Structures are given as C-alpha cells and as structure tokens.
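Note on naming: letters A, B, ... go to the chains in the order of the sequence lines (proteins, then strands), and numbering restarts at 1 for each one. Because the structure is predicted, anything quoted here is derived from the model rather than measured.
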Protein chains: 2
Amino acid sequence: MKPFIQVMKALSDPNRVKIIKLLEQKSMCVCELRAALNISQPSVSKHLKILEASGLVDFQKNGLWVDYFLTDGRQSPYAATLLGSLKHWLNEDPELTGMITEIPVLDRETLCKR
Amino acid sequence: MKPFIQVMKALSDPNRVKIIKLLEQKSMCVCELRAALNISQPSVSKHLKILEASGLVDFQKNGLWVDYFLTDGRQSPYAATLLGSLKHWLNEDPELTGMITEIPVLDRETLCKR
DNA sequence: TCTATATATTCTTTTTAGAGAATATACTGC
DNA sequence: GCAGTATATTCTCTAAAAAGAATATATAGA
C-alpha cells in the first residue's frame, strides 16, 4: 500500500505534475525547472526528491548540473502506469502548454550564471 | 489540471483507498464502511465526500441508509482510468485482503442498531 | 407528531505539506 | 587548495488535511 500512496501523493501537487509534464519534453536540470516553474530553487529540489522517492523520476549528475528525467517505470508499476497515462493527459491545459512552449527559451548556460 | 489533482489527492489517503477496494466488492453504506475501516462515522462521511467530489464514487439514498458505489467513470476520465487500474492493484496487500474477507461478517442490520 | 436511527456538518486539535531564506555540500577550473 | 557555481539540506512559518466529539439533519415508523 505504501508505494502506491507514495506515487499518488507525489502526483497530487500541481508543481510536481508540471515537472513531470516538462520532463516529458526533455531532461532538465534544476535551474531550468526553477525558471520554468518560477518557484525557488530549494522548492524545486524538494519536489524532485519526492518524485524520485516515488519512482517517477531519476537523475544523472553531469558535472555541476544534475539532469532529471522520467524513469522507465521499472521501479514501480504504479509510476509506470501513471507516467504512461500522463503522456495523454493534460495536454490541452493552457497553463501547461504555455509553460512547455517556453522551454526552448530556457538556456541552461545563461540561466544559471545570474 | 484541477480535476486531475483532485483525483490524485483523493487517492493519496490510505483510508480512501481502502474504501475504493471495499466498494469493488459491493456497494456499502456508511456504517458498514465504518465497521470495516474501524474509524469514526464522521471521518467516513468526510472521506466519502472527497471521493464523490473527485468522481470516484456515487451514492443512492435507500431509506435511512445511503449506499455508496464506484462510478462508471463517466464524470472523469482520470477517475475512470484509476478505478480500472486499481482493480488489478493492491490485491496482494495483506491488510486489504484481510479487510475484504471480513465483508461478509458485516451485517448492516446488526451493525447499525448498536 | 414524537422517537429512534443513519448520515452529514461543525468545531477543535494535531499532524502533515509546501514555501522561501539561510546555509551546507559537491563539483569545476585555476 | 581556493573561488565560484549548481544543487541539497536545514530552519521557520503558514496553510491544508485528518481525526473524533458534539451537534444538526433527514428519514422511517408508531
């Protein structure tokens, strides 16, 4: 029961769902996500930790950056199914589509050297 | 986004998931659910309200009793998909299977006249 | 209409979750 | 090793969620 609840809880916060929908497009580092969501960096890190613990995302260190990406769902059947469903869901949501169209503008190199 | 979050939130509480798994077996009234979950009656009513608002359950008044049952999911595609998945999920969970085997013992007539 | 009973609602308390500021850690290049 | 930068963690505050006690509502039957 616990793993199931963990996935549901992870997906019941709007910012975390936004992160999932962003990562559907491409893997992103913390500062890119922070810019896309317009919330603080610690907040992004904490959301990512929750998503990781539930088996929805994973990460790879890349020098100073940490790239987050969606898992293949091998760690959790619940995560796998939900990630699959989410690919079809919410694609008409104006807030999300707006956010996604802004992705190309996010340039890691310029974003992080502030 | 809101309807999606609402379904996820509804399913991120253990007692509400238990209610769903119980209603998979048969429709039940509040006092039967209360006995199965061993929590207070107001608590059951509030959980049911949350489940109803998210489109996961519906009810029918039956005299003094109110029978709750799973929806066909027509009100929410998210609810529909999750209810479908849940039929396969958590069926090996000892807490849940134990609870479900106790259902036949719950007799509405004896339960409610306390 | 009066009583009894099933459920809903309100109220209060305790726990949990989310936010950002401040700080710590980890990695890179010199 | 030192300086700079990306990310993680800690701390504190505020808001939301869950619980049960007490109360209100609604229905059935005498």
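Whole-Å rounding puts the A:Ile39 CD1 to D:dA8 P distance at 13 Å. Atom pair A:Ile5:CD1 and D:dA17:C1' shows a separation of 14 Å (rounding to whole Å applied). Distance, A:Glu52 CD to D:dT9 C1': 14 Å, rounded to whole Å. Note: CG (A:Asn38) to P (C:dA19) measures 12 Å, nearest angstrom. Rounded to whole Å, atom C1' of C:dA8 lies 15 Å from atom CG of B:Leu51. Atom NZ in B:Lys61 sits about 9 Å away from atom C1' in D:dT25, given to the nearest Å. Whole-Å rounding puts the A:Leu33 CG to D:dA6 C1' distance at 13 Å. Between B:Trp65 atom CH2 and C:dA8 atom P there is a gap of 14 Å when expressed in whole angstrom units.
On a pure distance criterion of 3.5 Å, no polar donor-acceptor pair joins the side chain of A:Gln41 and the base of D:dA6.
OP1 or OP2 of D:dA6 has not a single side-chain nitrogen or oxygen of A:Asn62 nearer than 4.0 Å. Not one side-chain nitrogen or oxygen of B:Lys46 sits closer than 4.0 Å to the OP1 or OP2 atom of C:dT9. In this model, the phosphate group of C:dA19 is approached by a side-chain N or O of A:Ser43 to a distance below 4.0 Å at OP1 or OP2. In this structure, A:Lys49 reaches the D:dT9 phosphate: one of its side-chain N or O atoms is under 4.0 Å from OP1 or OP2. For D:dA8, one of the phosphate oxygens OP1 or OP2 lies less than 4.0 angstrom from a side-chain nitrogen or oxygen of A:Tyr68.
Mapped onto DNA chain C by nearest heavy atom, A:Leu64 and A:Ser40 fall at different nucleotides, with A:Ser40 at the one closer to the 5' end. Nucleotides of DNA chain D nearest to B:His47 and A:Asp67 differ in position, and the one nearer the 5' end is that of A:Asp67. Where A:Lys9 and B:Phe59 meet DNA chain C, the nucleotide closest to each residue was compared, and B:Phe59 sits on the side nearer the 5' end.
Salt bridge B:Glu52/B:Lys49: absent, no basic N to carboxylate O contact under 4.0 Å. Salt-bridge check for A:Glu32 with A:Lys26: passed, with a basic side-chain N closer than 4.0 Å to an acidic carboxylate O.
Side chain of B:Arg16 to main chain of B:Lys9: a donor-acceptor pair is present (N/O by atom type, distance under 3.5 Å, no hydrogens or angles).
Looking at heavy-atom distances under 4.0 Å, B:Arg16 makes contact with sugar-phosphate atoms alone, never a base.
Distance from the side chain of A:Ile50 is smallest for C:dG18 among the nucleotides D:dA18, C:dA8, C:dG18.
A 4.5 Å side-chain heavy-atom check between A:Leu33 and A:His47 finds every atom pair outside the cut-off. The side-chain heavy atoms of B:Asp58 and B:Phe69, taken from C-beta on, include a pair separated by under 4.5 Å.
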